[in-house]
Amino acid sequence: MNYDFKTIEKKWQDKWVSEGTFFAENDSKKPKYYVLIEFPYPSGMGLHVGHPRSYTALDIVARKRRLEGYNVLYPIGWDAFGLPTENFAIKNKIHPKKVTHDNIARFRKQLQSLGLSFDWSREVDTTDPEYYKWTQWIFLKMFEKGLAYKKEMSVNFCTSCKVVLANEEVVNGVCERCHSEVIRAQKSQWMLKITEYAQRLLDDLDDVDYIERVKIQQRNWIGRSTGAEVKFATSAGDNLVVYTTRPDTLFGATYMVISPEHPLIDKWSDRLTNMDAIRAYQKEASKKSDFERSEVAKDKTGVKLEGVTAINPVNGREIPIFVSDYVLMSYGTGAIMAVPAHDERDYDFAKAFDLPIIEVVAGGDVTKEAYVDIANGVMINSGFLDGLKVQDAIKTIIEWLHEKGLGEPKVNFKLRDWVFSRQRYWGEPIPIVKCEKCGYVAIPESELPLRLPEVESYEPTDTGESPLALMTDWVNTTCPHCGGPAKRETDTMPQWAGSSWYFLRYMDPHNHDALASPEALKYWNSVDWYNGGMEHTTLHLLYSRFWHKFLYDIGVVPTKEPYKKRTSHGMILGEGGEKMSKSRGNVVNPDEIIDEYGADTMRLYEMFIGDFEKAAPWSSESIRGCKRFLDRVFGLYDMITDGDGYSPKLEAAMHKTIKKVTNDIEILKFNTAIAALMSLLNEIYAKKSITRGELKTFLILLNPFAPHITEELWSMAGFEGMIAGQSWPGYDEQKTVDESIEIAVQVNGKLRGTIKIAVDSSQEDALKLAYENEAVKAAVDGKKIVKEIYVKNKIVNIVAK
RNA sequence: GCCCGAGUGGCGGAAUUGGUAGACGCCCGGGACUUAAAAUCCCGUGGGAGCAAUCCCGUGCCGGUUCGAGUCCGGCCUCGGGCACCA
């Protein structure tokens with residue numbers, strides 16, 4: 001009989017849908033388990049072979065949990081607002097709503113053909129007004145609590161298109177489409193105060209089970225540092241306040257640097273005699289992004305302020321002030337004290353501008369490079385700090401600054417507030433109006449959802465406003481507070497908004513009265529296992545944790561953290577090891593793979609391709625091995641013999657394989673779990689028979705990986721029900737342990753032979769056998785035995801001279 | 001530049017706390033079956049020397065710790081992810 005995957009896969013996919021096999025229940029007696037993958041952005045390119053890697057992995061987890069007796073929620077939805085859809089709509093003159101609808105239809109069909117056990121009755125779509133009603137509602141709550149505010153921020157502005165550009169649309173400093181110059185323009189933007197949650201976002205990482213590199217990345221992104229804010233008097237009268245993590249090096253501060261956007265520049269414009277040069281420098285700096293500005297490799301640039309100097313508070317010395325773009329207004333106070341002897345960037349700048357370098361921490365050679373070691377350094381040239389270790393000097397100087405009223409200890413975060421405005425059409429409208437009398441006023445909750453109006457053109461206006469600004473009928477409204485004339489906010493929300501809480505909506509997706517009912521939120525609690533790409537580690541993951549904590553604070557959700565466990569998968573690359581992209585022409589279409597080999601082979605290959613956590617190149621040759629394996633699995637039908645138990649020949653292998661597959665799935669070792677199943681199949685083929693009991697276990701173990709073929713064989717063999725209704729097999733630890741093992745014998749660390757000994761043999765027995773080995777005899781012949789090492793069940797090593 | 005990862009046969013990869021490097025699969029070679037081919041099945045397969053038993057070399061590079069290092073430490077090199085308006 002042939003393995004006709006097309007017929008088999010269609011048959012079981014239809015059956016799962018018609019029987020509602022994978023529906024999650026909100027009031028089950030079983031323990032719950034919530035499995036989550038990052039919902040896709042339905043791009044016009046269709047599904048990428050990278051998507052199923054994560055989806056199949058957690059589908060395996062979901063299916064295994066069901067077999068282990070859990071009520072499993074494994075949902076799917078669409079993160080459908082965003083720039084690419086809008087740009088496609090503009091280019092092809094099709095409404096983004098239509099583009100989104102078509103893309104979703106295609107993605108849905110493609111995902112269904114993979115046999116993923118999603119609960120399709122809970123599908124969500126961030127662009128559905130019934131969904132974004134609650135995205136807007138959360139924003140209103142944040143506004144109400146003072147977490148949303150307006151601030152002047154710099155944006156990329158194309159001088160030719162006259163539109164605000166996303167960072168991605170700026171390529172090498174010019175507009176991606178028209179190649180014109182892009183400048184940094186100032187624009188008033190809605191901001192969310194994620195910084196208010198910085199400490200909690202950091203602290204609560206200790207309570208969640210995220211893979212370590214995700215935690216490290218989040219901690220570094222939040223970037224907590226301790227130091228001091230120090231006041232420097234200036235000749236202009238104003239104090240210049242700096243933030244420093246190294247107040248111990250204050251005696252070595254030989255100049256100061258302020259960022260080009262620093263407000264004191266304008267204030268001092270009358271006193272500054274070289275204002276033209278400063279203005280020109282500000283203009284140049286405004287063209288660069290923060291990223292370009294912080295590149296150390298570049299030559300340091302800057303302009304000295306002529307007419308205003310500062311006083312170093314510890315020694316009263318007059319020092320110059322520079323403006324330079326390596327100091328960012330968005331971090332600290334936008335001003336630094338420069339200690340060239342002990343900071344690399346300051347060192348480079350001092351060399352470029354021929355400024356004095358005073359060593360205040362001994363231990364390095366500051367004539368050659370900055371000495372930045374804080375563990376071993378000892379203070380010198382620093383008055384009352386001399387002789388102290390760096391850490392003690394920091395404490396001493398902070399106390400001294402505090403007593404003199406010159407400075408205070410200060411905790412700083414790298415994390416910045418979230419820029420929440422987009423001057424774009426295809427996003428959630430921000431539900432705020434601006435009233436001349438009352439200022440920014442929230443629209444009443446009863447008016448939610450504030451629907452995205454139909455517009456003629458989705459292109460941003462040439463003033464840099466969102467296309468919504470042209471909809472005067474929609475923009476002009478009345479103030480909900482005073483009833484006077486008011487204008488609606490025309491900016492929309494970023495794509496991140498809808499994805500910051502979608503996992504909550506899955507819990508109760510059709511609720512009209514709340515984002516989800518309190519009962520559903522309580523029952524499903526938090527996500528048990530969330531898998532996604534490393535590229536979402538800092539932004540999406542942090543944003544959604546922030547929103548969740550806010551919802552916890554206002555009593556909507558019962559947990560402080562949204563995700564109990566977070567894992568990450570590597571990318572699937574093109575055949576040549578490069579990233580798959582249209583321009584490289586190396587994109588693999590999953591539809592073609594499924595058509596040629598079937599969904600089960602596709603799933604199996606995606607899991608067998610390599611280490612789940614690492615990137616792996618696609619191989620159109622290797623996938624054949626997975627197809628061959630399934631062909632052989634299908635061939636088991638012709639080898640079935642009677643017997644509900646395991647045959648003596650296969651018993652140990654069965655128990656070992658159950659143990660291996662059971663454990664490997666939990667630690668993301670899908671590739672080695674499959675390898676174990678392949679080895680077991682090889683043993684069955686060598687024996688040319690399989691008992692009904694062995695077949696049952698084999699099919700259940702393979703089912704999460706290849707659900708269609710295993711259900712088919714289950715049914716062909718005449719077993720009752722579906723595998724989906726069975727239990728995960730157990731194993732007997734005793735039966736996984738061999739009675740005797742082969743261990744290595746080394747002489748001077750070099751392998752000379754192996755011996756077969758009973759498990760847990762004594763050193764005496766092991767050495768006796770080892771010396772009987774011919775190669776070992778030869779290797780120690782005529783030498784003096786210096787040392788004999790025996791590690792139980794591992795190795796014998798004889799050191800001979 | 002900053003933060004985080006990763007480098008193992010011709011290829012994808014495997015290898016409890018440091019303990020027989022190369023499981024499993026691909027490719028390739030040989031054989032069986034076939035008029036023939038495909039498919040399938042069996043065997044071989046890190047590199048080098050040797051008729052052979054066997055020996056030497058080998059986990060990006062340089063150095064260190066250890067009876068023993070793919071694994072630990074120090075210093076590099078290369079590649080990938082992120083850098084706040086792509087998602």
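Here is the naming used below: chain letters follow the sequence lines, and residue numbers restart at 1 for every chain. Everything quoted here is computed from the prediction, not taken from an experiment.
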(Q) When you measure only distances, ignoring hydrogens and angles, does the side chain of A:Asn220 come within 3.5 Å of the base of B:C3 through a donor and an acceptor? (A) no

Q. What's the base orientation of B:G9: syn (chi within 90° of 0) or anti?
A. syn

Q. Which nucleotide in the set B:C41, B:A84, B:C24 lies at the smallest distance from any side-chain heavy atom of A:Arg632?
A. B:C41

Q. So which one's nearest nucleotide on RNA chain B is more toward 5', A:Pro84 or A:Ser679?
A. A:Ser679

(Q) At 4.0 Å (heavy atoms only), tell me whether A:Asn167 reaches a base, stays on the sugar-phosphate, or touches nothing. (A) sugar-phosphate

Q | side-chain N/O A:Lys787 vs B:U66 OP1/OP2, d < 4.0 Å | A | no

**Q.** Sugar-phosphate only, base, or nothing, as touched by A:Val155 at under 4.0 Å among non-hydrogen atoms
**A.** base

Q: Indicate, with a heavy-atom threshold strictly under 4.0 Å, whether A:Gln189 touches base, sugar-phosphate, or nothing.
A: base

Q: Using only side-chain N and O atoms of A:Arg213, determine if any of them is under 4.0 Å from OP1 or OP2 of B:G80.
A: no

Q. When the aromatic ring centroids of A:Trp496 and A:Phe420 are compared, is their separation below 6.0 Å?
A. no

Q) Which part of the nucleic acid, if any, lies within reach of A:Gln423 when heavy atoms closer than 4.0 Å are counted: base, sugar-phosphate only, or nothing? A) base

Q) Just checking A:Val164: base, sugar-phosphate only, or nothing, at a heavy-atom cut-off of under 4.0 Å? A) base

Q: Just call it for A:Ser421: base, sugar-phosphate, or nothing, with non-hydrogen atoms closer than 4.0 Å on any strand.
A: base

Q.
Looking only at the side chain of A:Asn797 (C-beta and beyond, no hydrogens), which of the listed nucleotides B:G19, B:A14, B:C4 gets closest?
A. B:G19

Q) What is the nucleic acid contact for A:Tyr41, judged by heavy atoms within less than 4.0 Å: base, sugar-phosphate only, or nothing? A) sugar-phosphate

Q: Classify the nucleic acid contact of A:Arg424 as base, sugar-phosphate or nothing, counting any heavy atom under 4.0 Å across all strands shown.
A: nothing

(Q) Can you confirm if the aromatic rings of A:Tyr132 and A:Phe81 lie within a centre distance of less than 6.0 Å? (A) yes

